[in-house]
Amino acid sequence: MTRLVRRQGWVAGLLVLFVVLLVITRLIQPGYGSGDFGSLVRAVLPYAFAVAAQTIVVIGGGIDLSVGAMMALTSVTAASMMDGASEEYALFVVPFVLAMGLVLGAVNGMLIVVTRVPDIVVTLATLFVLQGAALLVLGAPGGAVAEWLRATIVGTVPIPGLPEISAWIPKALVLLVVCLCIIWIPLKRSKLGLSIYAIGSSELAAFRSGVPVARTKIIAYALSGLFAAMGGLALTMSTGIGAPIPGPYLLASVAAVVLGGVALGGGKGGLLGPIVAVFVLRLVRTDLTLLAIDPNVTAIIEGAIMVAVVMFGAFITMRGRQ
Amino acid sequence: MSTTAIQPVPFGRRLKRFMADRPLIPLIILLVILVVVLQILRPGIVNERWLANTIKFAIPLAILAGCQTMTMLTGGIDLSVGTVATMSAFIMATQVVNHDPAVAILIALVPAVLIGLVNGIGVGVFRVHPLIMTLGTSLIGTGCLQVYQRTVIASGAKIPPFLAWLGTGLTYGVPNALLLFVPIAVLIVLTLNRTGFGRLLYAVGDNEGAARLSGVRYWQVITALYVISSVLAGITGLLYIGLIKAPSLSLAEPLVLPSVAAAVIGGTSIFGGRGGYTGTIIGALILTVLTTLLTILQMPEGARRILFGLIVLFVTAAYLRIIEDR
């Protein structure tokens with residue numbers, strides 16, 4: 001019970017931090033309004049999916065280093081398939097790419113289960129492999145995206161009679177919430193979700209209580225791959241092209257997971273915390289940009305914040321263990 | 001091993017044991033096979049000049065793989081070596097315009113020491129996973145390098161002649177880079193096998209809890225290790241720029257994945273406590289020959305990365321099997 005209170009308290013604290021940062025943003029830039037919020041959400045979108053992908057695996061006691069590479073591969077696949085194709089063809093591309101993420105994620109999980117090599121090594125190897133595959137699909141940034149797909153994340157959701165509120169609800173946010181909820185809420189309420197938490201907190205105990213450890217692990221990685229594929233699609237949707245070189249999504253996802261109150265040891269936390277955390281991290285970046293700080297310096301500060309967060313998280317985990 | 005002479009053991013098991021006991025022999029056989037395949041594909045390619053070239057390109061890889069070997073012995077990994085090497089090379093090339101080469105080299109090694117220190121403290125004191133820690137510092141390092149680049153954009157860059165001599169020169173057909181590499185290699189091998197520090201590395205990687213209980217000061221060992229690894233990476237950068245002769249912001253990045261692969265191929269366990277540097281050197285040679293082979297077969301960069309990934313996975317899995325078998 002106390003843990004539940006503490007966890008919800010952590011998420012609430014993050015939300016407060018986010019609001020405080022929004023107020024600070026308004027102080028720096030009095031004109032910061034709904035339009036800027038919309039572009040913030042669009043920028044967060046790929047990060048948020050990367051974080052979701054990482055969260056589900058970390059809760060299950062593992063870590064997925066191949067998140068960024070998986071996103072790069074799915075993004076270039078989508079972009080090169082839609083290049084020069086008709087608008088309707090994208091209706092086929094989206095499910096294909098999502099299925100690809102699911103399968104590749106499951107392969108990750110199977111390799112971990114079958115070879116018994118630790119998660120971190122297997123996903124490091126698949127990081128190399130997926131990166132190479134992305135380069136084979138598309139040697140340089142390029143490709144295209146269907147117009148209607150781009151339109152799904154641009155603009156706001158119209159609510160009749162309430163233009164004030166609807167201006168603050170970008171389509172990208174709705175898309176993010178819908179995609180995450182569709183998978184997360186049924187999962188959290190099912191036996192499978194419980195099994196993922198169980199193998200995360202103690203694999204041996206879970207095994208002895210009859211949890212199918214291998215199957216649960218494979219499914220956790222498959223879902224992670226699915227989220228990563230969504231992230232790749234979001235990346236293609238927001239940039240209009242596919243880029244074969246993975247962005248800084250790996251470190252960002254780990255930092256947001258830690259900041260979001262999910263223990264790196266596994267078995268604790270939820271999805272809401274990391275998602276709020278990634279909004280906080282991106283808003284910090286926006287603020288730095290608004291303060292007219294050199295973008296390269298911004299990258300350094302951002303990297304330093306992420307490393308500090310991960311160090312802090314590791315420190316807490318270590319304390320918890322002692 | 002004396003039991004094998006008395007009791008008949010299945011050939012497969014015996015082969016496995018043999019490979020586990022003497023990892024160098026199968027590695028050398030693999031290297032020879034690769035060279036033979038190369039000679040068959042392109043008759044006449046294997047000559048003195050090819051040999052010198054292969055060694056020249058294998059040396060920077062072998063030193064970086066040395067960083068990986070030492071960190072892997074403690075169960076870690078150092079993914080920041082590429083960034084550190086690039087930083088020291090770039091800073092040296094731009095500082096040498098205004099300073100004496102010796103001063104420029106000293107300036108260039110400062111960020112290497114700093115990054116090593118941060119890595120060591122993060123891993124040793126805060127217990128962050130080395131992979132994530134070194135990835136983070138390499139992101140920060142790249143950012144710093146980009147900011148730095150803008151401050152020196154007007155001054156230009158040059159490469160001191162002696163570094164070019166060291167990187168590309170040949171004396172009687174023998175690469176000059178060996179002058180740098182042989183002492184470094186001997187030093188690493190002696191450190192690992194003959195000194196207390198080397199034993200501590202193996203001890204920490206083999207059983208951290210036991211090492212702590214026997215009085216090993218974990219964080220000091222780890223901090224020293226990551227600083228050494230970073231400085232070695234910095235020196236590699238200086239050598240590599242003498243070889244490539246074109247300073248850029250992604251100079252040594254392509255060496256990172258192969259350096260991990262070379263150490264893994266060389267028999268160093270990624271889980272720590274097992275391995276050595278001689279295997280890594282042969283691993284680096286194997287990868288260099290393999291790269292030549294892939295280039296001749298016109299394999300694209302993507303296929304090469306896939307291959308490196310599969311090698312890491314396959315070798316680690318095979319290694320686990322061998323361990324479990326004993």
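Order of the sequence lines sets the chain letters (A, B, ...), proteins ahead of strands, with each chain counted from 1.
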Asks: Can you tell me which residue among A:Ile196, A:Ile199, A:Val57 is in a side chain to side chain contact (heavy atoms under 4.5 Å, CB included) with A:Lys217?
Replies: A:Ile199
Asks: Answer with side chain, backbone, both or neither: which region of A:Val297 has an atom nearer than 4.5 Å to a non-hydrogen atom of chain B?
Replies: both
Asks: Side chain from CB out, backbone as N, CA, C, O: work out which of these in A:Ile301 comes under 4.5 Å of a heavy atom of chain B, or both, or neither.
Replies: neither
Asks: Hey, does B:Leu287 have a side-chain heavy atom less than 4.5 Å from the side chain of B:Leu290?
Replies: yes
Asks: Between B:Met72 and B:Val264, is any pair of side-chain heavy atoms under 4.5 Å apart?
Replies: yes
Asks: Just checking, is any N or O donor in the side chain of B:Thr71 or B:Ser229 under 3.5 Å from an acceptor N or O on the other one?
Replies: no
Asks: Heavy-atom pairs under 4.5 Å with chain A: which of B:Gly141, B:Gly122, B:Ala261, B:Gly136 has the most?
Replies: B:Gly136
Asks: Side chains of A:Thr123 and A:Asn108: any donor to acceptor distance under 3.5 Å?
Replies: no
Asks: Go through the atoms of A:Val137 and report whether side chain, backbone, both or neither lie under 4.5 Å from a heavy atom of chain B.
Replies: neither
Asks: Identify which of B:Phe126, B:Phe314, B:Phe308 forms the greatest number of heavy-atom pairs closer than 4.5 Å to chain A.
Replies: B:Phe126
Asks: Give the member of B:Leu257, B:Leu307, B:Leu139, B:Leu310 that has the highest number of heavy-atom pairs under 4.5 Å with chain A.
Replies: B:Leu257
Asks: Could you tell me whether the side chain of B:Leu30 reaches within less than 4.5 Å of the side chain of B:Ile286, counting heavy atoms only?
Replies: yes
Asks: Could you tell me which of B:Thr142, B:Leu135, B:Leu313 has the largest number of non-hydrogen atom pairs under 4.5 Å with chain A?
Replies: B:Leu313
Asks: Select one option (side chain, backbone, both, neither) describing which atoms of A:Val122 are under 4.5 Å from chain B's heavy atoms.
Replies: both
Asks: Give, as side chain, backbone, both or neither, the part of A:Ile63 having an atom under 4.5 angstrom from any heavy atom of chain B.
Replies: side chain
Asks: B:Met133, B:Arg304, B:Glu301: which one forms the most heavy-atom pairs within less than 4.5 Å of chain A?
Replies: B:Met133
Asks: Strictly distance-based, threshold 3.5 Å: is any side-chain N or O of B:Thr134 a donor or acceptor partner for the main-chain N or O of B:Leu79?
Replies: yes
Asks: For chain A, which residues of residues 143-151 of chain B have at least one non-hydrogen atom nearer than 4.5 Å to it?
Replies: B:Gly143, B:Cys144, B:Gln146, B:Val147, B:Arg150
Asks: Need one label for A:Leu130: side chain, backbone, both or neither, based on atoms under 4.5 Å from any heavy atom in chain B.
Replies: neither
Asks: Supply the atom-to-atom distance A:Thr298 OG1 to A:Asp294 CG, rounded to the nearest 0.5 angstrom.
Replies: 6.5 Å
Asks: Can you confirm whether more than 12 heavy atoms, excluding those of B:Arg212, are under 6.0 Å from its CZ atom?
Replies: yes
Asks: Determine whether a donor-acceptor pair (N or O, by modelled atom type, separation under 3.5 Å) exists between the side chain of B:Ser250 and the backbone of B:Glu253.
Replies: no
Asks: Using only atom types and a distance under 3.5 Å, with no angle test, would you say the side chain of A:Thr236 pairs donor to acceptor with the backbone of A:Ser75?
Replies: yes
Asks: Are more than 12 heavy atoms, taken from residues, nucleotides or ligands other than B:Tyr218, located less than 6.0 Å from that residue's OH atom?
Replies: yes
Asks: With a 4.5 Å heavy-atom cut-off, do B:Ile306 and A:Leu135 have their side chains touching?
Replies: no
Asks: Please state whether the side chain, the backbone, both or neither of B:Val125 comes within less than 4.5 Å of a heavy atom of chain A.
Replies: backbone
Asks: Does any N or O in the side chain of B:Gln68 come within less than 3.5 Å of the main-chain N or O of B:Asp78, such that one atom is a donor and the other an acceptor?
Replies: yes
Asks: Under the side chain to side chain contact (heavy atoms under 4.5 Å, CB included) test against B:Thr137, which residue among B:Ile132, B:Val118, B:Leu114, B:Val84 passes?
Replies: B:Val118
Asks: Only heavy atoms, only distances under 4.5 angstrom. Which residues in residues 45-54 of chain A are near chain B?
Replies: none
